[in-house]
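Predicted model only: the values in this text are computed from it and were never measured.
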Amino acid sequence: MEGKSFKRISKGDYRGLGAVRMSGGMNFALAADTEEPVSLLIYKKGERDVFEEIPFPDEPVIGSIYAMKLEGFEPQRYEYNFRIEGCVQQDPYAKRITGRPAFGEPVPAEDPHCIRSGFVTREYDWEGDRGPDIPYEDVVAYNLHVRGFTKHSSSGVRHKGTFLGLQEKIPYLKELGVNQIKLMPVYDFAERMELSPHTNMNYKEKEVQTFKINYWGYGSGNYFALKEAYSYGKDAVREFKDMIKAFHLNGLEIIMEFSFPKNVNPRLISSCLAYWAVEYHIDGFHLLCDETVASFVSKDPMLSSTKLLGIYFPDEARGPYDRKKRYRNTAECNDGFMIDMRCFLKGDEGMVNAATYRLRRNPSGSGVINYITNHDGFTLADLVSYNEKHNEENREQNLDGPDNNYSWNCGIEGKTKRKKVVELRMRQVRNALALLLLAQGAPMLLAGDEMGNTQNGNNNAYCQDNAVSWLNWNMQKTNQPLLDFTKGLIEFRKKHRILHMPSELKVMDTMSCGYPDLSYHGDRAWYGDFDDSCRHIGLMYCGEYAGEDEFIYIALNMHWEEKHFALPSLNGDYKWYKALDTAYGIYEEEEEPVLEDERYLKADGRSIIVLIGRQKPRRKK
């Protein structure tokens, strides 16, 4: 067969869907529930027209799976698609998708062969790369969008909006103190959404909008293929792998988000995640899918050492596969912590019990990811600046996005120069960061919250590929004290093991040391007030349960009035020192003031104070 892309066709294997290398050739298999002919389209790289169209055997190999093997096929020379019921379709198992234009640019409607399935054929030297394998209790996560993180003109990187640009920001991420990066979708998806003429009319300008940008990337996609529009160079696969290797060398994990609609086969999901873990050394995945499917995937032995985040995992899906290692690979990641803490932050009634539950929650069989802000919703600066969403720029008449944000604008909606309001908002931001980073579960920051980034009240910026969503790095200088506060909080958390334990504290004196691991206090020591009208509570951690010789007392006052906290007496020559006050900031250790009155602590309204109980330092002779 001179000029053909193969030597001969032989019977295919149904066990590997997609294009899979096999001895002597390439196996092509697809699931197609149809009575119409199904064919394989072969293209030569760099050529527009179909090089060959090869019909699959009339009968499926098994069920609805069609397969054939092309012996002598050279994948580095070709690309391919399938024709099913007359329509050109990409392979859902394709390892590459080629032909997409620059991000947001239209695909030629008259050319159904423009977008093609491709192969990853180049070998890559990982140089012994291994992920940091950070236990959930030690994780400090950071949620970002690859394009939006460095696309703004203020980002200071050479390769803006790309994997290379993100790699350039590794020094910043390390200085901030985070050790896990969660990427919004970086698998291939069609970011340009064409609209009908009567959809999404701008209610002010009356201009018909013909398309929108799926900036976030959620929804269906080509799950095995990398989003090549996020690369700077021509070899996106190598660029992404270089980035992963660089992150691992710097002690940073990479978690990828995957959004799977209900019609996606669980078999595809398991195969997809295993592929990314092996081919790209991805450390874990956040599964946005049906809970039953997530539970099914969590039982896959191929993923037993890979982190899996989901809305919920039932007890039988949790826990380690290797009982000797006690490895927790699953973690809950849902809005429970966010909602309770937002309500507590703004001073709602009856939230003390819920807040203390969220602060100590840390299941032994599964991790828990805590966050107060997420990409879907207000940024932290907007959470304290807006009561209502302001999504007019989405051109959906402000009908999109959640209506209930559990937010409080501190008295004025939106931007203001009133000094007292600005100061209160900044304190509330510090309070939110303290609630997040002093909780036992794994904290996750939204990129930019550490520097007061705003989306001007837009709580659903899914279609905003512009300055609304791009991180404005000028805020780093504008809000340097906030950035320093965030760094200090992360450092404080890491320094004190009692604040991030491997399992949930029992609120009992299990060591018979005279103090429980965690205790609650209020106007009277040892008596926490959980009444609905109460908005303040004190938490004391005994460091001995973590092998430390210090106590930590956290006074949470979300009431608008000043409150007094009764302090427990400490044995021997221990003294209480003030380490942190959201009304002031973080004290340097050598400057931590000792409390004049060891019996009581006064906390301003809407503030959090952290004390350290340690032995009084000996005077130098």
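- The aromatic rings of Phe189 and Tyr187 sit perpendicular, their planes meeting at an angle over 60°, well past the 30° parallel limit.
- Residues Leu435 and Leu556 have side chains in contact (heavy-atom distance under 4.5 Å, counting atoms from C-beta outward).
- Remark: Asp403 engages Lys389 in a salt bridge, criterion side-chain N to carboxylate O under 4.0 Å.
- Remark: the Thr379 side chain and the Asn453 side chain contain no N/O donor-acceptor pair separated by less than 3.5 Å.
- In this structure, Tyr172 places its OH atom where more than 12 heavy-atom neighbours from other residues, nucleotides or ligands lie under 6.0 Å away.
- No donor-acceptor pair under 3.5 Å is formed between the side chain of Trp470 and the backbone N or O of Gln464.
- Salt bridge Arg493/Asp138: absent, no basic N to carboxylate O contact under 4.0 Å.
- Few gaps surround OH on Tyr574; more than 12 heavy atoms of other groups in view lie less than 6.0 Å from it.
- No side-chain donor-acceptor contact under 3.5 Å links His496 and Glu548.
- A heavy-atom distance below 4.5 Å is not found between the side chains of Arg361 and Phe337.
- Of the N and O atoms on the side chains of Asn458 and Asn394, at least one donor lies less than 3.5 Å from an acceptor on the other residue.
- Judged by distance alone, the side chains of Asp335 and Tyr371 do bring a donor and an acceptor atom under 3.5 Å apart.
- No side-chain donor-acceptor contact under 3.5 Å links Glu562 to the backbone of Lys602.
- Asp283 contributes no side-chain N or O that, together with a main-chain N or O of Ile255, makes up a donor-acceptor pair within less than 3.5 Å.
- Taking the six-membered ring wherever Trp is involved, the centroid distance between the rings of Phe565 and His536 falls below 6.0 Å.
- Side-chain contact, Glu450 with Tyr142: a donor N or O sits under 3.5 Å from an acceptor N or O.
- A cation-pi arrangement is found for Lys307 relative to Tyr136, the charged atom lying closer than 6.0 Å to the ring centre and inside a 45° cone about the ring normal.
- Taking all atoms of both residues into account, the shortest heavy-atom contact from Gln428 to Leu345 is NE2-O, 3.1 Å.
- Using the six-membered ring where Trp is involved, Tyr218 and Trp216 have ring planes that are perpendicular, over 60° apart on the 30 and 60° scheme.
- The main-chain N or O of Trp526 is found under 3.5 Å from a side-chain atom of His521 such that the two form a donor-acceptor pair.
- The distance from atom CG of Leu309 to atom OG of Ser366, rounded to the nearest 0.5 Å, is 8.5 Å.
- Side chains of Asn250 and Lys174: a donor-acceptor N/O pair is present below 3.5 angstrom, by distance only.
- With a 6.0 Å radius and a threshold of 12 heavy atoms from other residues, nucleotides or ligands, Phe530 has its CZ atom above the threshold.
- Taking the side chain as every heavy atom from C-beta outward, Met193 and Tyr462 approach each other to under 4.5 Å.
- By the 6.0 Å contact criterion, CD on Glu388 is open, its count of non-hydrogen atoms from other residues, nucleotides or ligands being 12 or less.
- By the 4.0 Å N-to-carboxylate-O rule, Glu550 lies too far from Lys495 to be salt-bridged with it.
- Using a cut-off of 4.0 Å between Lys/Arg side-chain N and Asp/Glu carboxylate O, Arg614 and Glu592 are scored as salt-bridged.
- Asn460 and Asn391 share no side-chain donor-acceptor pair at under 3.5 Å.
- Summarising the geometry, atom CG belonging to Asn474 is positioned 6.5 Å from atom NE2 belonging to His152; distances are rounded to the nearest 0.5 Å.
- The distance from the SG atom of Cys410 to the NZ atom of Lys420 is 14.0 Å, given to the nearest 0.5 Å.
- Between the side chain of Arg430 and the backbone N or O of Leu482, no donor-acceptor pair lies under 3.5 Å.
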Would Asn456 and His390 count as a side chain to side chain contact (heavy atoms under 4.5 Å, CB included) here? Give the steps. CA-CA 7 Å; Asn456 301 319; His390 296 269; over 6 Å; no

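- Crowding of Glu491 atom CD: a count of heavy atoms from other residues, nucleotides or ligands under 6.0 Å not exceeding 12.
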